[in-house]
Structure formats: C-alpha cells, structure tokens
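Taking it in order: structure first as structure tokens, then the write-up.
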Amino acid sequence: MIGCACNGIDPRLARSEPPESRSLPSCTINAEPLMTTSTESAAPIRVRIAPSPTGDPHVGTAYIGLLNFIYARQRGGQFVLRIEDTDRARFVATSEQMIFDSLHWLGLEWDEGPDVGGPYGPYRQSERTEIYREHVEFLLASGHAYRSFETAEELDAMRKSQIAAKLPPRYNGAHRELPQVQIDAFLAEDRPYVIRLKVPVEGETIFRDELRGNVTFSHNNVDDQVLMKSDGFPTYHLANVVDDHLMRITDVIRAEEWISSTPKHVLLYRAFGWDIPRFWHMPLLRNLDKSKISKRKNPVSLIYYRESGFLPQALLNFLGLMGGGMAQPTEQEIVSKGMNVKEGDIFSLSDMLEKFDFRRISLGGPVFDLTKLKWLNGEYLRALSSEKFFDALRATIFSDDYLRRIAPLVQTRIETLAQFGDMTDFFFKDDVMPAPEVFIPKKHTLEETLAFAAEQLTVLEATVFAVEDLEPALKQLGVEKEWSVKDNFMLLRAILTGKIASPPLLESLMVFGKARSLDRMRRFLDTQKRQANSRH
RNA sequence: GUCCCCAUCGUUCAAUGGUUAGGACACCGCCCUUUCACGGCGGUAAUACGGGUUCGAAUCCCGUUGGGGACACCA
C-alpha cells in the first residue's frame, strides 16, 4: 500500500548505486551544462511542464507551457506533460481533465503525457511512488538523506519560535545524526517519520541559470528539505529531480519562484551522480501591484478565460508578449511587409515558433494587464470574417449547450419569449455591478454587507461547487454571522445577477460556472472596496 | 528577519557604449460618424538615486533605495 510505504522501507534493500530505472541508455546529455551552446546538439531536447491538479488550471501554467512548447518545437525536441499529484490533501479529482482541456484549447499539444503515454511513463507521479521509494532508499544508504521523527506540531512550534526570535525558520538538524539504535527503536515502535536531504554543513552550491548566469547559495541558507513525507509520498523536490532525470529532461523551464529551491535540486542530482539539466527561470506574472499573480487580484483560471469569450490565440499572443522574447519588427520589416506598426504586438503561435528568442527574455516580472489582453482579443475578434465571428459566438457564449441549460430556469417565469433576455442578461454579461440600494439589506450597513460578502466568497471558494453542497454551507455561514437566509441569498443574488429578482440562484450559478461566478464576486468586492476607500 | 532575483513612460516591450530614448495598451485632443465602437491624425508621459570607469553611460562596475520571490510532511 502506497499510503504508508515509508514504514516499509528496509535499509537493507537500499542499493549502493542509484536505481537507474529500466533498460534505458545511461544519460550522457549535458556533460557540460555550463557550456550551453556546444552540447545542444548532443541529445534531443526534452522539456516538460508539471502542473499540479489542485484546482482550476492556472494562467501561469499556460504561460510556462507556452514557453516550453516553443522551446521544444524550435529545436525539434519533445514536450512532456507530467502531472504532479503527490499532495493528496490538495488533490482535486476533476482538475487533471481540466488541465488537459485547457491546454488543448490553447493548442499547446504535448508529445508525452498521462493521456497519450510515451516511453518514459507513467506520467502521473502518484503512479511512480515505487520509483521514488527506491531512490530515497539509495539516498539513505549513501548518507545523503536521513530520517527525521519529529511530528508536524513539533516542527511548527520550532518554526514559530524561530520566527519570534527573528531567526530564519529552519530545521534544527536534531535527527541528522541519530544513533542507529535510536532509529531502530523508533522504527520498531512504528513512529512516523519523514526523510530529509542532508545538506552539507559547509560550502555553497552554485548553479547556472541560463538567463541570469551563476547563482550562488551558501549551504547555511539551504534547509534540510523533506524529500519523503510520512505518508510515503515524495515532495516536489525529490519527485521532480527523479522524474526529470528519468524522463531525460534537458531543459527545466519553470517560474522564478523555484530559484531558491534549485540548490536543493542540484544537491540531489549530485547525490545521485546525475548530470544537471539547464535551468531557465522565467519571470513571474504579476498583479497590478507587482505581487505574484493571484486569484484575489486577477482572474487566473483558464476556464474563466475560455468561458468569458477570450480567443485562445489572443491569450497565447498576450502571454507571448509577457517578458519579451519576441523581437519587435524592424523599420525595414515594417516597410517591406507593409505592416501596420501596431502589428508588432500581434503574432500567432507559428510566428512565435519562428521568431521567439529565449535570450531576449527580460527579467522584470511583467504585470498581467487585462486591459491590453482585452484590446488584443478585440483585434482578433475584428479580424474574423463575419461568418467566423458568428461561429465563435455560437460555439461559446451562445452555444446550444449553454442555452439549453439556461432555458429551463426561466421557462415558468416568462410570458413572452422576448422576456428571456430581461431575465437572463447576467448570463451573457462580462460584468454586473449592483447599486448600493440593490445589494445592501435594510438591516445591515455597507460595511457589514461587504464583510459578509467576503465571507460568502470564502465559502464559495472552499465548497464543492454543487447546489447540494453550497446551500447548506451558505446557510451555515448565515447562522454563524446572524444573517437571515433571505438577506444572505439576496445579497448573493444582487452581486451575481445585479438584480433583486432572478432565476433560481444556485442553479444559475451552476450554469454560469464557478470560475466566472467567483471572479464576479471578487470584482464586486474589489470595486466596492475601492469606492469605500475613495470616500474616506 | 535571512537568502536569492530584479529595476526604461501608468502598463508592456525597444534602444545590447554614440538616437531629439522608439512602438503598443491606457489616457487626452482632433477627424470620420445619427449614437457607441472601429479606423485615421496628433499629444501628455520614463532611464529610481548617488558614486565611479569612459572622449561619450539607459547600457559596464560599486553602493543606496525600491519592488518581488523563497524560507511547509504545497507545488
């Protein structure tokens, strides 16, 4: 049973050599990872994206996916999709399919993956636990890792006291050198444990980032990372390194947030005696306030973009604009091709395959600015033939499927078919914004109302998006905050439909979709908060 | 707090030691137009600061400041 595999690890089984999986040829790529140009022809380029199925597919996944896709296609390489589902606590069953669908929608087709297979599978980490177990045993046996028996609570307490003392929160190394008898005793009593990387006490790790040059981390600043959790699942760090090696990944193109854990990865590659891939850390997409892009401040779900009527080619184009990479057309090109100057910002995926240059990427984190995306989308919409435009409408916002689900919600409520529009406008709008007299209940103030709406949003985010789950969860919130069922649901109705009368609320939400519903609420709160602030 | 990364108009990209620092989005104005858009024309707007190096610095070096990321049995 995978779930408790750790307890089954027998150190006697650990081999003295890294378990080089299956009968694949030994990896000779990248013998000189620092000499990037000279070895590029030595082995086929292989890159990957490794999304984690923890919710809606993320726009950041699309961004990194696009970059990896371009990199592979430009070099005749392979683009791999790997699902990193080692966190059973955050796992969302429907997420994987949504990731597939969204990437297909964008046209970022992968060569190997859980659904299409490939020679280095399985491509789902939950199906590779035996591989990680073997590898971690090797690290244990070779002295690169050790068991740590503290409980999560103990570690938490330790971390808190370190932060209180203004010290960097770090594992104190208490079990680094536990005597074998003690280890055996703990194991005998079935005490749960994690396996940690034994980072050298002294020295430093230097790695090359292809966009930044050498980056150095002193080992006092590298924590003894947990590699294997007590439930027997690996952490990202272990699984990622093992899989990237076994899957023959030559170039790791990922977001900048990974830079600080790269030394751990490098240490792992070395412990296994493996060659190190090239690392390309891409700038992080940002909110308007420059913080890392987040759902609180931006729509980040790819489902949202699709359902809101963005065209995949526009999103891709916009993403391609982020961070540079595409050379602007020269004066000559504009003249010789008769280009409109503006067209410098407009390009297709195949233009990107032709011209995108990774060396041109600029490192300042680009703000994901919806305003420009919308303009771009408009350009694409206008460029469509009227027939194609009509088709796009019918395929998305006016699809038979969508209308078929809306129709029963209004059939008993209208007297002429034309009233359909009056009753359902909010299904077809980009945004609605109720007036204060519409959304503030008589017994509550604006401040109370906004605070309660924020609570509603939290409930909506945390609850399974189904009527039978949402209804009790919202009612429960009402009881806790002493809001009547009526005020509770009327507020939600006002926010989502802009009106005081609508088709059945939760059923409408089901049709409108989680991504757009949550975004509408966030926009409402955001706008109201801004207005409140400007009044003070 | 510690470590790492980054720094050109409000935003996004150009200018890779020598330009009046350029384009796009946004904004403003004018034109087109029954309206609103679209389209056309024009405009406002930036090298964070301080030191070097150099005949010459947005560009190279150092410092300061600012921003961001990481510091989980999440990825």
Side-chain angles (χ1 to χ4, degrees), chain A residues 6 50-55 58 60-61 83-91 125 148 150-156 159 162-171 192-196 204 207 209 211-213 215-223 225-237 239-240 254-264 281 283-284 286-293 318 320-331 334 339-346 359-376 378-379 381-382:
Chain A
C6 261
S52 176
T54 52
H58 199 275
T61 301
I83 296 293
E84 306 220 331
D85 55 350
T86 56
D87 182 354
R88 70 273 165 270
R90 294 200 305 153
F91 178 77
Q125 289 185 331
S148 164
E150 291 91 348
T151 64
E153 291 72 32
E154 286 166 348
L155 293 171
D156 209 39
R159 211 165 11 247
Q162 285 168 330
I163 291 170
K166 306 238 180 212
L167 290 167
R170 222 147 8 235
Y171 178 61
Y193 61 88
V194 299
I195 297 173
R196 289 179 182 273
E204 56 191 23
F207 66 90
D209 177 281
L211 298 174
R212 283 160 257 257
V215 181
T216 305
F217 282 85
S218 163
H219 288 157
N220 348 318
N221 294 317
V222 182
D223 202 5
Q225 183 66 47
V226 170
L227 301 175
M228 184 75 83
K229 298 177 252 183
S230 58
D231 66 359
F233 278 83
T235 58
Y236 169 86
H237 307 279
N240 187 262
R254 76 219 311 187
E256 193 178 5
E257 57 189 329
W258 294 108
I259 286 183
S260 48
S261 39
T262 305
K264 294 166 189 172
H281 290 100
L284 235 28
R286 312 290 184 96
N287 298 313
L288 248 14
D289 64 5
K290 301 275 190 182
S291 56
K292 177 165 99 170
I293 194 167
F318 180 66
L321 239 23
M322 302 279 87
M326 282 296 277
Q328 287 195 346
T330 61
E331 203 90 16
I334 292 171
M339 288 170 83
N340 183 322
V341 209
K342 211 162 59 175
E343 289 168 29
D345 273 353
I346 298 178
R359 298 281 167 197
R360 291 186 62 94
I361 285 177
S362 59
L363 267 11
V367 170
F368 189 92
D369 183 3
L370 230 28
T371 308
K372 182 143 185 178
L373 206 210
K374 281 186 184 170
W375 165 78
L376 206 46
E379 288 287 308
L381 248 22
R382 277 171 234 124

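Chain naming here is simple, since letters A, B, ... match the order of the sequence lines and numbering starts at 1 in each. All values below come from the heavy atoms of this structure, side chains included, with hydrogens, waters and symmetry mates left out. Since the model is a prediction, treat every value here as computed from it, not as a measurement.
One finds a salt bridge joining E256(A) and R212(A) here, because a Lys/Arg side-chain nitrogen approaches an Asp/Glu carboxylate oxygen to under 4.0 Å. With respect to the salt-bridge test (charged N to carboxylate O, under 4.0 angstrom), the residues D87(A) and R90(A) qualify.
Rounded to a whole Å, the CD1 atom of I293(A) is 12 Å from the P atom of U12(B). If you take NZ of K264(A) and P of C71(B), they are 7 Å apart, rounded to a whole angstrom. Whole-Å rounding puts the F207(A) CZ to A70(B) P distance at 15 Å. Atom CG in L321(A) sits roughly 11 Å away from atom P in U12(B) (whole-Å rounding). For R382(A) and C25(B), the CZ to P distance is 10 Å, given to the nearest whole Å. In this entry the distance linking CG of N287(A) with P of U12(B) reads 12 Å, nearest Å. Rounded to whole Å, atom P of U12(B) lies 13 Å from atom CG of D345(A). Distance CG (L167(A)) to P (C3(B)): 13 Å, rounded to an integer number of Å.
Comparing G43(B) with G23(B), their P atoms are spaced 9 Å from each other, to the whole Å. Going from the C1' atom of C3(B) to that of C61(B) covers 23 Å, rounded to whole Å. With C1' as the reference atom, C27(B) and A45(B) are 10 Å apart, rounded to whole Å. The C1' atoms of A37(B) and U16(B) are separated by 41 Å, rounded to the nearest whole Å. Taking atom C1' on both nucleotides, G66(B) is separated from G50(B) by 14 Å, rounded to a whole Å. Look at the C1' atom in both U59(B) and A24(B): the space between them is 23 Å, to the nearest Å. Spacing between G10(B) and C5(B) at atom C1', rounded to whole Å, works out to 24 Å. Between the C1' atoms of A26(B) and C13(B), the separation comes to 15 Å (whole Å).
In this structure, the side chains of N221(A) and R170(A) come closer than 4.5 Å at one or more pairs of heavy atoms. By the 4.5 Å heavy-atom criterion applied to side chains, R196(A) and Q225(A) are not counted as neighbours. In this structure the side chain of L284(A) never reaches within 4.5 angstrom of the side chain of I293(A), judged on heavy atoms. Within the 4.5 Å cutoff, the side chain of E379(A) has no heavy atoms near those of the D345(A) side chain. Put simply, the side chain of T235(A) does not reach to within 4.5 Å of the side chain of K264(A), judged on heavy atoms. Using a 4.5 Å heavy-atom threshold, the side chains of S261(A) and H237(A) count as touching. Inter-residue side-chain proximity for T262(A) and D209(A) is flagged as unmet; no heavy-atom pair is nearer than 4.5 Å.
The aromatic rings of Y236(A) and W258(A) sit parallel, their planes meeting at an angle under 30°, below the 60° perpendicular limit.
G323(A) comes within 4.0 angstrom of the backbone, heavy atoms only, and of no base. At a threshold of 4.0 angstrom between heavy atoms, the contacts of K372(A) include nucleobase atoms, whether or not backbone atoms are also involved. The residue M322(A) sits close only to the backbone: its heavy atoms come under 4.0 Å of sugar-phosphate atoms, none of a base.
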Report each atom pair, protein N/O against N/O of nucleotides 4-8 of chain B, whose distance is under 3.5 angstrom.
unit_1 : atom_1 : unit_2  : atom_2 : d
C5(B)  : O2'    : R212(A) : NH1    : 3.2
C5(B)  : O2'    : E256(A) : OE2    : 2.8

Just the atom pairs and distances: protein N or O near nucleotides 42-49 of chain B's N or O, under 3.5 Å.
none

Give every pair of a protein N or O atom and an N or O atom of nucleotides 72-75 of chain B that lie under 3.5 Å apart, one pair per line with the distance.
unit_1 : atom_1 : unit_2  : atom_2 : d
C73(B) : O2     : S230(A) : N      : 2.8
C73(B) : O2     : S230(A) : OG     : 2.7
C73(B) : N3     : S230(A) : OG     : 3.0
C73(B) : N4     : E150(A) : O      : 3.0
C74(B) : OP2    : K229(A) : NZ     : 3.1
C74(B) : O2'    : D87(A)  : OD2    : 2.6
C74(B) : O2'    : R90(A)  : NE     : 3.4
C74(B) : O2'    : R90(A)  : NH2    : 3.0
C74(B) : O2     : R90(A)  : NH2    : 3.3
A75(B) : OP1    : T86(A)  : OG1    : 2.8
A75(B) : OP1    : K229(A) : NZ     : 2.7
A75(B) : OP2    : Y236(A) : N      : 3.1
A75(B) : O3'    : E84(A)  : OE1    : 2.9

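Although no hydrogens or angles enter the test, the distance criterion places a donor-acceptor pair under 3.5 Å between the side chain of S52(A) and the main chain of E84(A). Side-chain atoms of N287(A) come within 3.5 Å of backbone N or O of K292(A) as a donor-acceptor pair.
For P263(A), the side-chain contact (heavy atoms from CB on, under 4.5 Å) partners two or more places apart in sequence, or in a different chain, are T205(A), F207(A), F217(A), V222(A).
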So what does the secondary structure string of RNA chain B come out as, 5' to 3', with Watson-Crick or wobble pairs under 3.5 angstrom, [ ] for crossing and | for pairs with another strand? (((((((..((((....[...)))).(((((.......)))))....(((((..]....))))))))))))....
Carefully, step by step, assess H281(A) and V215(A) under the rule side chain to side chain contact (heavy atoms under 4.5 Å, CB included). CA-CA 11 Å; H281(A) 290 100; V215(A) 181; over 6 Å; no
Base contacts versus sugar-phosphate-only contacts with protein, heavy atoms under 4.0 Å: please encode nucleotides 57-62 of chain B as B, S and - from 5' to 3'. ------
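Comparing atom distances between the W375(A) side chain and each of A24(B), G39(B), U12(B) picks out A24(B) as nearest.
Nearest heavy-atom pair, Y171(A) versus S148(A), reported as atom, atom and distance to 0.1 Å: OH-OG, 3.3 Å. Nearest heavy-atom pair across P283(A) and P366(A) is CB-CD, 3.9 Å.
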